[in-house]
2 protein chains.
Amino acid sequence: MAILQWLKEPEKNFPPHQDIDHFNDGVCVGYIQDKTGLSQSTISTYLNSMQNAHLLIPTRHGKWTYYKRNEEVIQAYVNTLKDTL
Amino acid sequence: MAILQWLKEPEKNFPPHQDIDHFNDGVCVGYIQDKTGLSQSTISTYLNSMQNAHLLIPTRHGKWTYYKRNEEVIQAYVNTLKDTL
DNA sequence: TTTACATATCTAGAAAATTAGATATGTTTT
DNA sequence: AAAACATATCTAATTTTCTAGATATGTAAA
């Protein structure tokens with residue numbers, strides 16, 4: 001949940017990327033790792049599982065993988081909760 | 001989540017109680033246990049933890065404890081999720 | 001075309017959640 | 001007040017989740 005929240009406003013929660021000057025494709029794994037303080041493998045695993053759940057969309061830029069929110073799925077999930085819960 | 005859903009419409013998901021003819025205070029533990037197929041202690045533990053989270057409101061009627069949804073808290077939770085997630 | 005770097009995957013140990021049996025408590029009936 | 005019944009609590013075993021170290025893979029720089 002924290003990661004999803006951070007990704008709502010990348011410019012407020014992460015430093016700028018070195019090769020690109022926008023967050024159009026999200027934030028690179030390393031920055032998210034730093035922010036959480038967890039190990040590289042743990043973060044990679046998390047991001048991968050969130051990707052599998054279609055909560056995040058990955059984009060590869062050179063050496064880096066960027067992750068951004070999948071707004072449609074996230075909203076659909078919240079709406080389902082609202083109806084079902 | 002299943003329990004919360006069932007408790008939205010007790011009359012559709014549970015048999016009538018033997019001592020009272022309404023679900024104003026919710027459903028007794030035994031009926032919820034039957035519906036889940038879990039053991040008595042497990043269900044009691046679940047209901048207790050949901051009560052601690054203020055998701056359920058307990059009412060004692062003689063030998064039975066009835067549990068009903070705490071709509072305010074449940075809605076507040078969903079709304080928080082909608083904003084935060 | 002080797003080296004360095006970012007990320008992914010594999011493996012396994014530690015921590016937490018799930019669950020039931022045994023027992024305790026509270027309430028009603030006899 | 002003893003017995004019966006509904007629910008709660010305690011304890012512990014099983015299962016699942018969490019997490020990191022080691023290693024692998026993919027990409028770019030030297």
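Lettering of chains follows the sequences in order, A, B, ..., and the numbering in each one begins at 1. These values consider heavy atoms only, across backbone and side chains, with no hydrogens, waters or symmetry-generated copies.
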If you group Ile, Leu, Val, Met, Phe, Trp and Tyr whenever their side-chain heavy atoms sit less than 4.5 Å apart, what else falls in with B/Trp64?
B/Ile20, B/Tyr66
Given side chain to side chain contact (heavy atoms under 4.5 Å, CB included), test A/Asn13 with A/Phe23 step by step and report yes or no.
CA-CA 11 Å; A/Asn13 294 301; A/Phe23 290 101; over 6 Å; no
For A/Asp25, the side chain to side chain donor-acceptor pair (under 3.5 Å) test, sequence neighbours excluded, returns A/His61
Shortest non-hydrogen separation from B/Thr42 to B/Ser39 and the atoms involved
OG1-OG, 2.9 Å
Not counting sequence neighbours, list each pair that qualifies as a side chain to side chain donor-acceptor pair (under 3.5 Å) and has a residue in residues 68-77 of chain A.
A/Arg69-A/Glu71
With the sugar-phosphate defined as primed atoms, P, OP1 and OP2, and the base as all remaining atoms, what B/S/- string results for nucleotides 3-13 of chain C, 5' to 3', for protein heavy atoms under 4.0 Å?
--BSBBB----
Partners of A/Lys63 by side chain to side chain contact (heavy atoms under 4.5 Å, CB included), sequence neighbours excluded?
none
When B/Pro58 is tested against each of B/Thr65, B/Leu47, B/Asn48, B/Val29 for side chain to side chain contact (heavy atoms under 4.5 Å, CB included), which residue passes?
B/Thr65
Here the residues of residues 19-26 of chain A within 4.0 Å heavy-atom distance, strictly under, of DNA chain C are none
